Number of protein chains: 2
Amino acid sequence: MELSDAALCLEKLGNPTRLEIVRLLVRSGPGGLAVGEIQKHVGIPASTLSHHISHLVGAGLIWQEREGRVLRCQPNFGLLDALVSLLLAECCTGVEIAAARR
Amino acid sequence: MELSDAALCLEKLGNPTRLEIVRLLVRSGPGGLAVGEIQKHVGIPASTLSHHISHLVGAGLIWQEREGRVLRCQPNFGLLDALVSLLLAECCTGVEIAAARR
DNA sequence: TAAATATTTCGATCATAATGGAACTATTCA
DNA sequence: TGAATAGTTCCATTATGATCGAAATATTTA
């Protein structure tokens with residue numbers, strides 16, 4: 001995973017509303033939640049919510065599946081895991097310049 | 001950890017330069033890195049770097065310790081761990097509205 | 001105390017993000 | 001086909017973030 005992709009994801013998660021949406025989906029279990037169900041939880045105008053959701057979809061953090069009139073949203077666990085790994089990757093393995101200092 | 005605090009941290013980590021700084025520090029091992037050393041890695045003007053670092057310090061993601069003329073920076077592993085946990089917390093435990101659907 | 005080094009603060013500019021009402025599109029159902 | 005429901009896109013406004021040169025501050029060393 002590229003650093004710039006990771007930063008994009010983190011930036012998207014850095015908005016309180018979007019973080020709430022993703023956490024909601026992570027907890028939601030199989031099937032995820034419809035946009036309208038998410039709206040009941042976060043209580044913001046539909047257009048604002050739609051924008052936030054499209055940010056999340058664009059970053060790959062969630063995906064959607066249409067089921068009749070309803071758009072069901074689910075989290076991308078693989079990407080969330082990758083993100084978490086990248087954040088703590090190579091912990092304490094040393095950086096050249098730091099090594100040179102010793 | 002509050003959702004709004006987590007979002008603040010993620011927002012800070014969502015900038016590519018700041019993410020690079022934190023990852024650099026995570027890899028750096030005991031002692032961390034001086035601001036000047038970080039600058040050699042990221043290659044941006046001192047004033048810009050200083051702003052990014054103060055964002056990170058403000059969010060609690062890193063801390064600093066003066067050592068003579070040098071300001072040594074270190075990551076806050078505890079906060080990084082808390083962040084990671086929050087992101088995947090209560091995975092699939094279900095959300096009321098989703099449960100009601102079944 | 002003056003010069004050198006390390007880093008921050010100031011101040012201004014430019015770019016990007018968040019927000020939400022209104023109009024639009026897609027899908028179902030009578 | 002027309003009305004209802006679910007969600008998106010358009011558009012404009014307001015707010016926030018990124019950037020960096022120049023000047024300021026802190027610390028050491030000559």
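In the text below, chain A, chain B and the rest are named by the order of the sequence lines, each starting its count at 1. Being a predicted model, the structure only gives us computed values, none of them experimental.
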In this structure, would [X] and [Y] fall into the same cluster of hydrophobic residues linked by side-chain contacts under 4.5 Å?
| X | Y | result |
| --- | --- | --- |
| B/Leu88 | B/Leu3 | yes |
| A/Phe77 | A/Ile53 | yes |
| A/Val35 | A/Val22 | yes |

Give me the residues of residues 61-69 of chain A where at least one heavy atom lies under 4.0 Å from an atom of DNA chain D, by number, or none.
A/Gln64, A/Arg69
Please give me every residue in residues 2-9 of chain B whose heavy atoms get under 4.0 Å of an atom in DNA chain D, ordered by residue number.
none
Go through the structure and list residues passing side-chain hydrogen bond (donor to acceptor under 3.5 Å, both in side chains) with A/His51, not counting sequence neighbours.
none
Distance in angstrom units between [X] [atom1] and [N] [atom2], rounded:
| X | N | atom1 | atom2 | result |
| --- | --- | --- | --- | --- |
| B/Gln39 | C/dT8 | CD | P | 10 Å |
| A/Ile38 | D/dA6 | CD1 | C1' | 13 Å |
| A/Leu10 | C/dA17 | CG | P | 15 Å |
| A/Glu20 | C/dA18 | CD | C1' | 16 Å |

Just grab all the side chain to side chain donor-acceptor pair (under 3.5 Å) pairs involving residues 5-16 of chain B, residues at least two apart or on different chains.
B/Lys12-B/His55
Heavy atoms only: give me the nearest B/Leu19-A/Ala6 pair and the separation to one decimal.
CD2-CB, 3.9 Å
Here the gap from B/Leu83 atom CG to B/Cys9 atom SG, rounded to the nearest 0.5 Å, amounts to 5.0 Å
Between the first and last five pairs of the helix from C/dT1-D/dA30 to C/dA30-D/dT1, the angle of the axes, rounded to 10 degrees
20°
Determine yes or no for a side-chain-to-main-chain donor-acceptor pair under 3.5 angstrom, with [X] supplying the side chain and [Y] the backbone.
| X | Y | result |
| --- | --- | --- |
| B/Arg23 | A/Ala89 | no |
| A/Asn76 | A/Gly60 | yes |
| B/Gln39 | B/Ile44 | yes |
| A/Ser50 | A/Ala46 | no |

Listed nucleotide nearest any side-chain atom of B/Val70, set D/dT8, C/dT7, C/dT8:
C/dT7
Less than 4.0 Å between a side-chain N and a carboxylate O, is that true for A/Arg72 and A/Glu67?
yes
Polar pairs (N or O, both sides) under 3.5 Å between protein and nucleotides 17-20 of chain D?
| residue | atom | partner | partner atom | Å |
| --- | --- | --- | --- | --- |
| D/dG17 | OP1 | B/Glu11 | OE2 | 3.1 |
| D/dA18 | OP1 | B/Asn15 | ND2 | 3.0 |
| D/dA18 | OP1 | B/Arg18 | NH1 | 3.4 |
| D/dA18 | OP1 | B/Arg18 | NH2 | 3.0 |
| D/dA18 | OP2 | B/Arg18 | NH1 | 3.2 |
| D/dT19 | OP2 | B/His52 | NE2 | 2.6 |
| D/dC20 | OP2 | B/Thr48 | OG1 | 3.3 |
| D/dC20 | N4 | B/His51 | ND1 | 3.1 |

Pair A/Leu79, A/Met1 - check side chain to side chain contact (heavy atoms under 4.5 Å, CB included), show working.
CA-CA 9 Å; A/Leu79 186 51; A/Met1 180 178 213; 3.3 Å; yes
